[in-house]
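These numbers were taken from a predicted model, which means no experiment stands behind them. Chain naming here is simple, since letters A, B, ... match the order of the sequence lines and numbering starts at 1 in each.
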Amino acid sequence: MTEDGGGTDLIPGLDDVPRVPADKAPQGKGAGGKGGRKAPKKGARRPAEERPVARVAVDMSLPHLDRPFDYLVPVELDAKAVPGCRVRVRFAGQLVDGFLLERVEESGHDGKLLYLERVTSPEPVLAPEVASLAREVADRYAGTFADVLRLAVPPRHARVEAEAVEEDAGEERVPAAEGENPWAEYPAGVSFLNALSEGRAPRAVWTALPGPEWAAAIARAVAVTLEAGRGALVVMADGRDVARVDAALKAELGEGRHVALTAELGPAERYRRWLAVLRGKARAVVGTRAAMFAPVADLGLVVLWDDGDDVHAEPHAPYPHPREVLALRAHRTGAGALIGGFTRTTDATVLVETGWAHALAADRTRVRRAMPRVRYMGEDAQLARDAAARTARLPNLAFEAARGALEHGPVLVQVPRRGYVPGIACGRCRTPAHCAACQGPLALPSSHAAPYCRWCGRIAGDWHCPECGFFQLRAVVVGAKRTAEELGRAFPGVPVRTSGREAILERVGPERALVVSTPGAEPPAEDGYAAALLLDGWVLLGRPDLRAGEETLRRWMNAAALVRPEGPVVVAAEGALPEVQALVRWDPVTYAERELAERREAGFPPAARMASLTATPAAIRELLADARLPDGAEVLGPVPVPRQPGAEGPEKERALVRVPRAAGAALARALKEAQGIRSARKATETVRVQVDPLELI
DNA sequence: GACGGTAAGCTA
DNA sequence: AGCTTACCGTCC
């Protein structure tokens with residue numbers, strides 16, 4: 001992996017030499033209709049004098065038609081038919097949308113060429129860098145160019161496009177805020193910034209110190225990049241993180257030099273801002289995953305924060321991941337890259353181990369100064385001696401930590417999402433089921449396993465109801481709300497607030513309060529939390545997912561990073577677990593390195609490359625029969641997949657194809673080719689192909 | 001996927 | 001013969 005000049009963007013697969021001169025193609029009357037049955041729709045048409053051939057990416061996501069098609073540019077559209085503009089063409093007899101990729105003198109096509117039907121808009125919305133990026137992303141994910149373009153180019157909003165371009169606010173660049181440099185906390189931080197300001201391409205996997213400084217650090221890196229005359233692109237997991245970086249950028253850059261792109265803006269405003277980027281009015285972008293394709297000109301820096309968050313994963317085909325897309329962009333444009341978070345994913349660890357990026361972290365002394373004091377409560381957790389806490393069934397350690405901390409400010413309580421932890425109650429009298437040992441609430445990890453205690457984790461195999469003696473259990477929904485009620489009773493007089501999927505708190509004040517939140521919805525507290533309780537570690541860790549461990553650590557650290565330095569954090573899990581040890585020592589890097597080593601041992605991603613094929617068993621078999629899989633490929637399964645709620649049709653199965661990491665590109669190519677064979681053959685059932693699927697096992 | 005060409009199948 | 005339906009190659 002070396003740097004490559006990103007400026008010239010020949011689209012791979014587009015560069016075959018045109019052989020047939022355009023004048024062999026039908027001119028004017030010839031094109032309209034032969035034999036006079038159908039009258040020519042337009043009068044005699046004439047191709048443009050210069051570069052009369054337009055290569056068009058038609059909006060068709062069929063794998064076997066995933067290549068450009070040539071059309072003639074009629075003279076009257078000569079001026080409007082610019083590379084990157086939206087066009088409408090006749091394709092297989094029907095009118096379809098497309099993008100004009102380039103204008104050339106001659107076509108390589110032997111047959112007749114049709115004329116462009118119209119230029120939808122002369123706005124060159126498909127920037128050359130984005131076009132070639134989209135081609136590469138499509139190939140990487142065994143998907144089509146058209147599918148990627150649907151993600152990369154927002155739908156047109158004609159009124160917004162026509163709006164008079166507002167005059168520059170004229171605001172002279174605000175000098176970067178002269179506060180202390182957040183990067184000074186990191187030994188390699190300053191040299192990272194220097195490399196950006198010298199226009200080089202530093203690439204770092206950044207383990208951020210706990211606390212709120214990360215947003216300012218990102219903003220500073222962006223500011224330095226802009227000062228050096230290049231653009232910057234920042235991708236965040238959700239709108240709240242976007243808002244934080246947006247605010248930090250405003251503080252750093254002033255108004256008008258960057259835009260925030262999120263889905264909540266609505267189509268008009270979103271398109272307005274996106275156009276501002278395209279037209280070079282804004283040189284920096286912060287946004288959620290769709291922004292990964294934003295047409296930032298002369299890219300100097302890409303940033304991805306919290307790359308392990310599963311909301312980064314694009315749910316639409318071909319399911320590209322921003323980490324991959326931004327890495328590709330940085331690589332091909334010579335931009336710097338910053339992949340940061342409080343934790344470290346195994347995927348980012350691969351980037352470090354292969355030498356693509358450097359690790360950027362603070363030294364231990366600073367980490368120790370900034371990190372919380374983490375305690376754990378395992379099976380031996382003792383019930384609180386305090387009477388009120390005893391009625392609330394809170395283990396002593398958690399109770400004492402919270403009670404002490406509430407003197408100094410808010411306490412964060414992290415509980416898994418509603419439905420994540422199915423609570424249980426007596427099947428007859430509906431009394432909630434509690435642990436015989438510590439009186440914590442019982443829950444069922446899955447329908448087959450025995451109930452366990454949400455506080456202490458002890459398995460409760462021989463439960464019977466203390467009220468009525470019944471021994472069968474029924475599921476009840478337990479979520480943050482219920483936990484909030486239980487906690488409220490343990491701390492009378494302390495306000496309890498909840499933050500979850502439906503009602504997310506933006507932030508909380510410095511006053512004492514219990515803040516019960518689901519993972520990812522934790523509101524930052526002004527001046528930080530005085531303490532945090534991380535409950536239900538067993539459920540998170542017990543999930544049957546390859547990434548359960550790293551994901552649990554990520555959730556814990558993201559919550560614990562909101563606690564004041566040296567504040568207490570109590571985690572409900574066994575101290576011997578590697579995730580707990582990593583949290584206690586605040587050392588996500590060693591954890592990720594070990595985890596990656598284990599994956600390598602077991603042949604799992606990201607040490608190996610995988611693709612999942614989801615379809616009926618017959619369709620999977622056919623696809624695999626057509627696919628010339630690379631050497632060393634191994635097919636696992638297929639196994640039945642649980643039916644999606646509301647899904648129609650026959651039972652689906654899923655097969656996994658595993659290859660050595662180096663064969664990833666060959667795997668994608670083989671699957672794409674096999675999909676092409678299938679679609680050309682008009683196979684009725686489609687196979688969903690997902691390269692690097694997020695959820696595994 | 002949608003079109004249009006050709007081949008096979010049915011109605012007089 | 002004259003119409004339908006079925007299949008399949010092509011789509012610029």
Legend entry - Spacing of A:K682 atom NZ relative to B:dC3 atom P, expressed in whole Å: 13 Å
Inset, instruction - Please confirm whether the backbone N or O of A:R51 pairs with a side-chain atom of A:E105, one donor and one acceptor, at under 3.5 Å? - result: yes
Inset, instruction - Check the side chains of A:T346 and A:E550 for a donor-acceptor pair under 3.5 angstrom, ignoring hydrogens and angles. - result: yes
Legend entry - CZ/A:R628: more than 12 non-hydrogen atoms of other groups inside 6.0 Å: no
Inset, instruction - Measure from CZ on A:R678 to P on B:dG1 and round the result to the nearest Å. - result: 11 Å
Inset, instruction - Scan side-chain atoms only and decide if A:T354 and A:R661 contain a donor-acceptor pair under the 3.5 Å cut-off. - result: no
Legend entry - Residues A:D246 and A:H258: side-chain donor-acceptor under 3.5 angstrom: yes
Inset, instruction - Go through the side-chain N and O atoms of A:R332 and A:S132 and say whether any donor and acceptor fall under 3.5 Å apart. - result: yes
Inset, instruction - Take the protein atom NE2 of A:H64 and the nucleotide atom P of B:dG1, then report the distance between them rounded to whole Å. - result: 9 Å
Legend entry - For chain A, the stretch of DNA chain C it reaches, first to last nucleotide, under 4.0 Å of its heavy atoms: C:dC8 to C:dC12
Inset, instruction - Return the value, rounded to whole Å, for the distance between atom CE of A:M60 and atom C1' of B:dG1. - result: 5 Å
Legend entry - Nearest-Å distance for atom pair CG/C1', residues A:D59 and B:dA2: 14 Å
Legend entry - A:K112 NZ - B:dG4 C1' separation (whole Å): 13 Å
